[in-house]
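Given the structure is predicted, the values throughout are model-derived calculations rather than measurements.
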Amino acid sequence: MNSFFNSPVWIDVEDLAETSLRTLAFSGSGNERFLVTQASYDTQEVADIIRSGLPDKQRVPVGEPGKRIADTHYSCDSSKVQELLGVRFRTLEESIIPLANQLYDMEGV
């Protein structure tokens, strides 16, 4: 299996932008490298979030609700950047629901 599929990690674009700005203004970052990622995910988890968060827009396949394979994926620890810069990353729900709404709006659904 391709390792790309074992490491589906994500970060909300607004969290990435906020972290980038804070890094530029943070004098203690020096030559540090920061891993900016929230967590791993899988498509079933995204489908479950959309189906429960947008019950009036049921175009997402049901799949096997609750059956997630995220625990088998590689994950990343970005606690260093969160602690040093004082950022709080959005949850997957906080990121996916606005995106899904935006995509539905673009379609006129």
Asks: Leu85 vs Thr23, test: side chain to side chain contact (heavy atoms under 4.5 Å, CB included). Steps then yes/no.
Replies: CA-CA 7 Å; Leu85 300 180; Thr23 301; 3.3 Å; yes

Asks: Between Asn101 and Leu54, what is the shortest heavy-atom contact and its length?
Replies: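 Scanning both residues completely, I find the closest heavy atoms to be OD1-CD2, 3.4 Å.
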
Asks: So how far is it from Arg59 CZ to Ile50 CD1, rounded to the nearest 0.5 Å?
Replies: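 The CZ atom of Arg59 sits 10.5 Å away from the CD1 atom of Ile50.
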
Asks: Please test Gln102 against Asp105 for side chain to side chain contact (heavy atoms under 4.5 Å, CB included), starting from the C-alpha separation and ending with a verdict.
Replies: CA-CA 5 Å; Gln102 183 180 12; Asp105 288 347; 5.7 Å; no

Asks: Over all heavy atoms of both residues, which pair between Pro61 and Ala47 is shortest? Give the atoms and the distance, please.
Replies: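 Heavy-atom minimum between the residues: O-CB, 3.9 Å.
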
Asks: Who passes salt bridge (Lys or Arg N to Asp or Glu O under 4.0 Å) against Glu83, sequence neighbours left out?
Replies: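 Counting only residues at least two positions away or on another chain, Glu83 forms no salt bridge (Lys or Arg N to Asp or Glu O under 4.0 Å).
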
Asks: Is there a side-chain contact between Leu84 and Phe34, using heavy atoms and a 4.5 Å cut-off?
Replies: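 Counting from C-beta outward, Leu84 and Phe34 do come under 4.5 Å.
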
Asks: Distance check, rounded to the nearest 0.5 Å: Asp48 atom CG versus Ile96 atom CD1?
Replies: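 Reported to 0.5 Å precision, the distance equals 12.0 Å.
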
Asks: Could you check whether any side-chain heavy atom of Phe89 comes within less than 4.5 Å of a side-chain heavy atom of Ser78, counting everything from C-beta outward?
Replies: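 The answer is yes; the side chains approach within 4.5 Å.
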
Asks: Compare every heavy atom of Gly63 with every heavy atom of Pro65, then report the nearest pair and how far apart it is.
Replies: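 Taking every non-hydrogen atom into account, CD-O, 3.5 Å.
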
Asks: Does the side chain of Glu45 reach to within under 4.5 Å of the side chain of Leu92, using non-hydrogen atoms?
Replies: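 Yes, their side chains come closer than 4.5 Å.
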
Asks: May I ask you to test the Gln38-Asp15 pair for a side-chain heavy-atom distance under 4.5 Å?
Replies: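 No, side chains not in contact.
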
Asks: Closest heavy-atom contact between Gln44 and Val62?
Replies: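 Closest approach of Gln44 to Val62: NE2-O, 3.1 Å.
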
Asks: State which residue, out of Glu18, Glu14, Glu94, fulfils the salt bridge (Lys or Arg N to Asp or Glu O under 4.0 Å) condition with Arg88.
Replies: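 Answer to the salt bridge (Lys or Arg N to Asp or Glu O under 4.0 Å) test with Arg88 among Glu18, Glu14, Glu94: Glu94.
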
Asks: Working to the nearest 0.5 Å, report the span between CG of Leu16 and CH2 of Trp10.
Replies: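 The distance works out to 12.0 Å.
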
Asks: Side chain to side chain contact (heavy atoms under 4.5 Å, CB included), that's the test. Do Thr19 and Val81 meet it? Break it down for me.
Replies: CA-CA 8 Å; Thr19 302; Val81 71; 3.6 Å; yes

Asks: Would you call Ile97 and Ile49 a side-chain contact if the rule is heavy atoms closer than 4.5 Å?
Replies: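 The answer is yes, as the side chains (C-beta and beyond) meet within the 4.5 Å cut-off.
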
